[in-house]
Amino acid sequence: MMIMANSSFMIISVLLSLLHLASPSPSLKSFNVVKFGAKGDGKTDSTQAFLRAWEAACGFSGYVQIYVPHGRYVLRPLIFRGIHCKTSTILFRIDGSIVAPDNYYELAKSNSWIVFHLVNGLHIKGGVLDAKGKSLWDCKLGHGKCPMGAQSLSFDNSKNIVVEGLTSINSQMFHITLNACQNVRMVGLTILAPDESPNTDGIHMERSSQVTITNSDFQTGDDCISMGPDNQNVWIEHIHCGPGHGISIGSLGREGDQGALVENVTVKSVTFTGTMNGLRIKTWAKPTRGRVQNVNFLDARMNNVLNPIIIDQNYCPSGSCPAGQASGIQISDVTYKGIHGTSASPVALIFDCSPMHPCKGLTLQDINLSAQKTSPRSECNHAYGRTIGSVQPSSCLR
Ligand SMILES: *[C@@H]1O[C@H](CO)[C@@H](O)[C@H](O)[C@H]1NC(C)=O
Ligand SMILES: *[C@@H]1O[C@H](CO)[C@@H](O)[C@H](O)[C@H]1NC(C)=O
């Protein structure tokens with residue numbers, strides 16, 4: 001038997017090595033940004049050098065890498081365009097840091113700092129983005145007249161994207177945005193901005209599908225992850241969020257977002273620490289139509305979270321909604337299962353749904369949320385569903 005096993009093993013390994021010889025080993029063509037004039041000295045503007053490296057890599061058909069060695073590279077806002085690329089996948093390997101110019105206006109005069117537009121096949125690996133957002137936040141917090149600021153990294157109309165092991169620090173606005181993208185995988189990200197920094201959402205997505213975000217840490221001043229209008233098939237797992245405003249579907253139903261559909265979203269194994277919200281769905285109190293359906297919130301740990309579970313269909317900052325209007329967004333089939341930990345407020349569950357389109361198909365299963373002093377309670381308006389197993393605080397669903 002021993003000999004038999006050995007000989008079949010040998011046959012298999014010979015076959016494997018033949019196969020290996022037969023297929024041409026992929027030779028990686030590497031484009032080092034330094035060869036295109038970039039300088040990692042923290043001072044020299046390397047924008048044009050990065051664009052030249054991109055153009056060169058893009059024009060090469062085959063397996064291509066753009067390499068950013070150790071150092072600090074100053075970039076002004078730039079767009080990497082994929083429309084003419086011959087490559088199937090570009091590996092963007094970053095050992096260094098990409099930093100913003102010192103004057104915040106250099107980024108803030110644009111909406112986005114680093115943009116990938118119409119790119120099909122990109123793998124960003126490693127790297128640090130430091131947008132130096134503090135001086136712009138100081139302007140905003142001082143109620144001066146300030147620009148809105150730039151998002152640090154944006155993917156626009158792109159597909160087959162992997163972002164792995166990237167760190168983004170102190171963005172002016174959102175750290176990472178996806179707009180009309182398909183098949184995006186983000187893993188091992190570190191997103192850092194202080195608690196009080198305005199609008200520094202971690203990842204914001206719109207009109208995108210097949211998005212997975214896993215094994216990542218978000219410490220920021222706004223939503224850790226937010227899903228705007230029209231996102232389908234989103235998977236979020238093994239995330240730490242806090243400080244921040246939590247993980248949010250919405251806001252939806254602003255004017256102009258007619259017919260938005262958010263569907264098939266799973267948020268699993270997330271720890272929230274000291275956040276404003278945990279798992280939130282938020283829609284404007286406006287008649288704009290749309291749907292949120294088939295959402296699973298599974299296995300979350302809440303550590304001192306102000307609103308651990310919240311549906312707010314009466315969102316209306318600065319009182320811009322005429323009285324008597326209700327949200328036109330229909331929320332259905334949302335499951336909360338295995339949500340444990342502590343609420344920082346006496347209301348741990350809030351389902352404040354639209355009187356015109358009550359929430360239906362809500363499921364609460366295996367929930368245990370406690371509060372420091374009193375035992376917390378739940379509050380429902382126009383919310384229908386069921387409970388399974390033990391639910392603490394007791395459910396107010398109809
Ligand atoms: C839901 O999304 C996941 C990916 O997040 C996907 O694998 C699955 O096929 C989707 N389900 C449906 C019914 O589309
Ligand atoms: C809920 O959690 C508290 C605090 O961890 C614990 O004391 C209590 O036994 C739990 N209740 C249930 C029903 O599991």
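Whatever order the structure lists ligands and atoms in, that order sets their numbers, starting from 1.
- Using a 4.5 Å heavy-atom threshold, the side chains of S154 and F174 count as separate.
- Close approach of ligand 1 to W235 (heavy-atom distance below 4.0 Å) involves ligand atoms 5 (O).
- Within 4.0 Å of ligand 2, protein heavy atoms belong to N368, S390, listed by chain and number.
- Aromatic pair F92/F80: ring centres closer than 6.0 Å.
- Think of V128 as one node in a network of Ile, Leu, Val, Met, Phe, Trp and Tyr side chains linked at under 4.5 Å; its network also takes in I169.
- When each atom of ligand 1 is checked for a heavy atom of N264 under 4.0 Å away, the hits are 1 (C), 2 (O), 3 (C), 8 (C), 10 (C), 11 (N), 12 (C), 14 (O).
- Ion pairing between D95 and R93 holds under the 4.0 Å rule for side-chain N and carboxylate O.
- Considering backbone and side-chain atoms alike, Q210 places every N or O at 3.5 Å or more from each N or O of ligand 1.
- A side-chain hydrogen bond (donor to acceptor under 3.5 Å, both in side chains) check over residues 36-46, counting only residues at least two apart or in different chains, returns the pairs D41-T44, D45-T47, D45-R76.
- With 3.5 Å as the limit, one finds a donor-acceptor pair spanning the side chains of E263 and Q293.
- Applying the disulfide (SG to SG under 2.5 Å) rule to C85 yields the partners C58; only residues at least two apart in sequence or on another chain are considered.
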